[in-house]
Amino acid sequence: LGDKERYNLLRRLADARQGVARWEAILQAAELYPPETSARRACLKTLREELRTTAHATIAGQLAAQTDDADLAAGLLIRQAELTSDASLAADLLWKVHQQNRLSDERLAWAVRAWRHAGDMPRIVQACEQHLRSGKRLAADVAVDLAAAYRAINRDRDAERAETRDMEPA
C-alpha cells in the first residue's frame, strides 16, 4: 500500500476505535506525511481537540514517546505541558522541547511564564539569551521576566540592562 492508502486505512481504523487505540492510529496516520501538509495538520487538529483534559496529559506524553518523528513528538509534549496541572512537569516538558529547537518563537513567552511559575530562572535566562543570540527580539513581557530572572540569580547588571532598554538581538 502507498502512503495515501495507508493514511486512509488508518483514519478509518481510528474512526472505528476509541480512546488510546484511536489516538495511536491517528498518530500513525500523521507519521505518513511531512510537516505542514493538510493530512498531518488534520491529524494533529484531531489529537489536540480530543486530548483536552488534565487526565489526557499523560496520554499525550505516551503518544509522544511512541513516535520517532521529532515534530510530532514536540507537538504532543507541548500538548502534555498545556494539559498537566503539575507546573514543574510542564516546565520540564517545555525545556525538553526548547532543547530540541522545536519551541516556536510564538511559544517562548508561554514557556517563560511556565519556567517562572516553576521557579526555574536559569532556564529563562538561557532560553532568552539563546533567542537574542539568534538575532531575534524579546517581547516586552518576556524582557520583564528575563530581568526578574537575572535578579533572582544575582546578575543585577544584566537585569538593569534588560530593564532599561528593549532587549535587542545580541
Side-chain angles (χ1 to χ4, degrees), residues 23-24 26-27 29-31 33-153 155 158-159 161-163 165-170:
W23 300 320
E24 287 173 341
I26 293 170
L27 178 61
E31 291 173 324
Y33 285 95
E36 303 308 318
T37 58
S38 60
R40 182 180 255 195
R41 282 194 308 267
C43 291
L44 290 175
K45 182 177 185 267
T46 300
L47 289 172
R48 287 190 60 78
E49 288 172 352
E50 294 183 13
L51 299 173
R52 63 184 179 274
T53 68
T54 304
H56 292 135
T58 301
I59 295 168
Q62 291 168 348
L63 292 170
Q66 289 178 19
T67 184
D68 292 328
D69 185 296
D71 287 326
L72 288 173
L76 288 163
L77 290 174
I78 287 170
R79 189 63 176 155
Q80 182 181 11
E82 290 171 337
L83 296 173
T84 187
S85 59
D86 182 341
S88 179
L89 176 59
D92 289 343
L93 292 167
L94 291 170
W95 185 249
K96 183 176 183 177
V97 172
H98 169 73
Q99 287 183 309
Q100 297 168 350
N101 292 318
R102 302 220 178 267
L103 187 66
S104 69
D105 294 343
E106 295 78 27
R107 295 232 181 232
L108 178 63
W110 172 59
V112 166
R113 285 190 305 274
W115 296 324
R116 183 189 66 216
H117 186 67
D120 202 340
M121 302 308 170
R123 286 182 177 171
I124 293 172
V125 169
Q126 188 173 346
C128 289
E129 287 180 348
Q130 180 179 339
H131 188 81
L132 291 166
R133 280 192 298 276
S134 71
K136 300 172 187 169
R137 295 179 62 95
L138 291 177
D141 59 332
V142 175
V144 168
D145 285 333
L146 175 58
Y150 278 139
R151 288 210 188 283
I153 61 172
R155 289 179 55 183
D158 292 323
R161 189 181 74 241
E163 291 169 338
R165 65 180 175 92
D166 285 340
M167 291 303 294
E168 295 182 11

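Quick caveat: nothing in here was measured; it's all calculated off a predicted structure.
- By the 4.5 Å heavy-atom criterion applied to side chains, Q80 and L89 are counted as neighbours.
- In terms of the ring pair (Phe, Tyr, Trp, His ring centres under 6.0 Å) criterion, W110 has no residue partners (sequence neighbours excluded).
- The side-chain heavy atoms of L138 and L108, taken from C-beta on, include a pair separated by under 4.5 Å.
- The ring-ring contact (aromatic ring centres under 6.0 Å, His included) contacts involving residues 75-96 comprise W95-H98, W95-W115, where partners must be two or more places apart or lie in separate chains.
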Side-chain donor-acceptor distances from residues 57-67 under 3.5 Å, at least two apart:
unit_1	atom_1	unit_2	atom_2	d
Q66	NE2	E24	OE2	3.0
T67	OG1	E31	OE2	2.5
T67	OG1	D69	N	3.0

_Apply side-chain contact (heavy atoms from CB on, under 4.5 Å) to residues Q100 and K96 and explain how you reach the verdict._
CA-CA 6 Å; Q100 297 168 350; K96 183 176 183 177; 3.8 Å; yes
_Pair D141-R113, side-chain contact (heavy atoms from CB on, under 4.5 Å): steps then yes or no_ = CA-CA 9 Å; D141 59 332; R113 285 190 305 274; 4.0 Å; yes
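- Between R52 and R79, the closest side-chain pair of non-hydrogen atoms falls below 4.5 Å.
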*Apply salt bridge (Lys or Arg N to Asp or Glu O under 4.0 Å) to D105 and R137, showing your working.*
CA-CA 10 Å; D105 294 343; R137 295 179 62 95; over 6 Å; no
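- No donor-acceptor pair closer than 3.5 Å links the side chain of R151 to the backbone N or O of A159.
- The side-chain heavy atoms of R123 and D92, taken from C-beta on, include a pair separated by under 4.5 Å.
- Looking at heavy atoms from C-beta onward, E129 lies in side-chain contact with R133 at the 4.5 angstrom threshold.
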*Taking it one step at a time, do D71 and R40 satisfy side-chain contact (heavy atoms from CB on, under 4.5 Å)?*
CA-CA 11 Å; D71 287 326; R40 182 180 255 195; 4.0 Å; yes
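- In this model, no donor atom of one side chain and acceptor atom of the other lie less than 3.5 Å apart for H131 and S134.
- Note that OG1 of T37 and CG of L44 are 9.0 Å apart. Values are rounded to the nearest 0.5 Å.
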_Derivation of the side-chain contact (heavy atoms from CB on, under 4.5 Å) call for L27 and L76_ = CA-CA 10 Å; L27 178 61; L76 288 163; 3.9 Å; yes
